[in-house]
Amino acid sequence: MTNPTIEKKDTRSGFGAGLYELGLQNKDVVALCADLTGSLKMNAFQDEFPKRFFQMGIAEANMMGMAAGLATAGKIPFTGTFANFSTGRVYDQIRQSIAYSHKNVKICASHAGLTLGEDGATHQILEDIGLMKMLPGMVVINPCDYNQTKDATMAIAEHYGPVYLRFGRPKWPIFTDTKSFQIGKALHMREGKDVTIFATGHLVWNSLEAAKALEEQGISAEVINIHTIKPLDNEAILDAVASTKCVVTAEEHQMNGGLGDSICQLLSRNLPTPVEMVAVNDSFGESGKPSELLDKYGLGVKDVIAAAQRAIARK
Amino acid sequence: MKKTSAELTNQVKQTRRDIVRMVHEVQSGHPGGSLGCAEFFTVLFQNILRHNSVEFNMSANNEDVFILSNGHISPVYYSALAHSGYFPVSELNTFRKLNTRLQGHPTTHEGLPGVRIASGSLGQGLSVAAGISQAKKLDDDNKLVYVLMGDGELQEGQIWEAVMYAAHNKLDNIIATVDVNGRQIDGDTKDIMGFTELKSKFEAFNWNVISMDGNDIDDVQETLNKAGMLSGNGKPICILMQTEMGNGVDFMMGSHKWHGIPPNDEQLASALAQNPSTIGDY
């Protein structure tokens, strides 16, 4: 089903490229990394702007506090480590020194979700979106490909306030146009009239593949890319649902606390609608190849297709 | 203009009155550690910090910065901020009341001038100070970053992450004071955890360590001056400040029990009688 000619790159490389561009453009941008410079693709920034790069060692709590201090003094700090160590490990530091103190810190988190693969459940955080969206004032962004991650990295430097930017490890198809990203603005990827699929991160691609397969069955599926989970683009979501009248949500995250959760809350308060959720159901991950894991945990293309069929049947 | 020793002593007494009156008024707050640090805050805010308390500037460019890590001693912090001009002294009367800028633990959230970071959950202030220190170095700003921590707070692992970072990166514009009062909520720090050999612990991390009697105005003044002179020499500076929790109020001294409880009416009267008004109550 996957187009073999489409170019693939990891979203973390989009982050690295965006950070480097920002370094060139804005002297207030500084970067901190907790011993994962290569994994986060921060080497280009480190090499070009060594004075603005802070090697933190394996000390994430100190990194978050230090980022808060740098922001206090007027810098725009970007912290880099895996999503697990960017959120759960340092939740209290983020809560008090960054979110409650309203510091202009960009928490940039790689290797989110199941698709980091073989390292297994200790590293595959599936709760980070929920953790971060619960914090008052925190913006939460989960871009879907290289281009969107690069654009998002650059866009968040222009937004004053704390931001959580989540991306991943595997090479993934590049299918969005550059310059199409705007914080908080849902992106229509495909028009359709029978069902709306709201997807975020790597699952946007799976949803587009699912929509193609559904078309062969005579089902017209709309796909909307919700790269910004908070603040949610309420208007775009309600507009779409008003015409299709049934919904699938798709994300590489726990069902609890993720994108689907946010959309269900919006719909139940404004426009009660059948929703089927493609997400991990109260489970930790495990070792395996990214595609095997997505299939085993119900996040594959076939799972999105099945969810769409169920949603339509419930109309 | 620098205050004389006599003027500082008067201010310390007034600050002690502020502390006990604030926590008595709302019957909540932390008087013990606050009283122990009255001399330190008074000298630091009146005579040491090179800061603009009239027009508060969050980024503190070209100003000395103070970060309070052990946020529960907010009464003494608020008194010091008010008496050095950050906000009206009368506002101390709103401490811990609904809609106040003087939250139970300090916060930037309510826009109180002088506060640059929320604190209360322990162990985070030295990391914040390290970030400000790095920013000052990037900006060729030679002003200093002061931070205060509690001795019990050193039990938090994050402190030692920051201690390691600051020395490795030669953050010699940091002056970190540890309030060595030897007490914490559950008892004496020596009985609870890790109280021994503080000097050699910091020295082993390659910090410059000096000591002072935190309840002796003149020693605080001299040692803070000395710490300033030690800055810029490639090592962060640690001041081990010996204090008596509850200092200046006899029944609050010699015990950990006044860490976080307020005096009743009778106890307040006794505390105030021991510290007569000098420059007038708020």
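Each chain gets a letter, A, B and so on, in the order its sequence line appears, and its residues count up from 1.
We find the NE2-OH distance between B:His105 and A:Tyr100 to be 10.0 Å, quoted to the nearest 0.5 Å.
Residues A:Ser97 and B:Val128 share a closest heavy-atom pair of OG-CG2, 4.0 Å.
Residues from residues 49-59 of chain B that place a non-hydrogen atom less than 4.5 Å from a non-hydrogen atom of chain A comprise B:Met58, B:Ser59, given in numerical order. Taking non-hydrogen atoms and a 4.5 Å limit, the residue list of residues 53-90 of chain A in contact with chain B, ordered by number, reads A:Phe54, A:Gln55, A:Met56, A:Ala59, A:Glu60, A:Ala61, A:Asn62, A:Gly65, A:Met66, A:Ala68, A:Gly69, A:Leu70, A:Thr72, A:Ala73, A:Gly74, A:Lys75.
Open room surrounds CZ on A:Phe284; 12 or fewer heavy atoms of other groups in view lie less than 6.0 Å from it. Heavy atoms from other residues, nucleotides or ligands lying under 6.0 Å from CD of A:Glu118 number more than 12. Counting non-hydrogen atoms of other residues, nucleotides and ligands closer than 6.0 Å to NE2 of A:His159 gives a total above 12. Within a 6.0 Å sphere centred on CD of A:Gln25, other residues, nucleotides and ligands contribute more than 12 heavy atoms. Residue A:Lys185 places its NZ atom among 12 or fewer non-hydrogen atoms of other residues, nucleotides or ligands, all under 6.0 Å distant. Surrounding NZ of B:Lys170 are at most 12 heavy atoms belonging to other residues, nucleotides or ligands under 6.0 Å away.
Put simply, of A:Gln93, A:Arg95, A:His102, A:Lys51, the one with the most heavy-atom pairs under 4.5 Å next to chain B is A:Gln93. Among B:Lys137, B:Gln134, B:Arg116, the residue making the largest number of heavy-atom pairs under 4.5 Å with chain A is B:Gln134.
Contacts between B:Ala60 and chain A at a heavy-atom distance below 4.5 Å are absent for every atom of the residue. For a residue to count as touching a neighbouring chain, one of its non-hydrogen atoms must lie under 4.5 Å from one of that chain's; by this rule B:Ile117 touches chain A with backbone and side chain alike.
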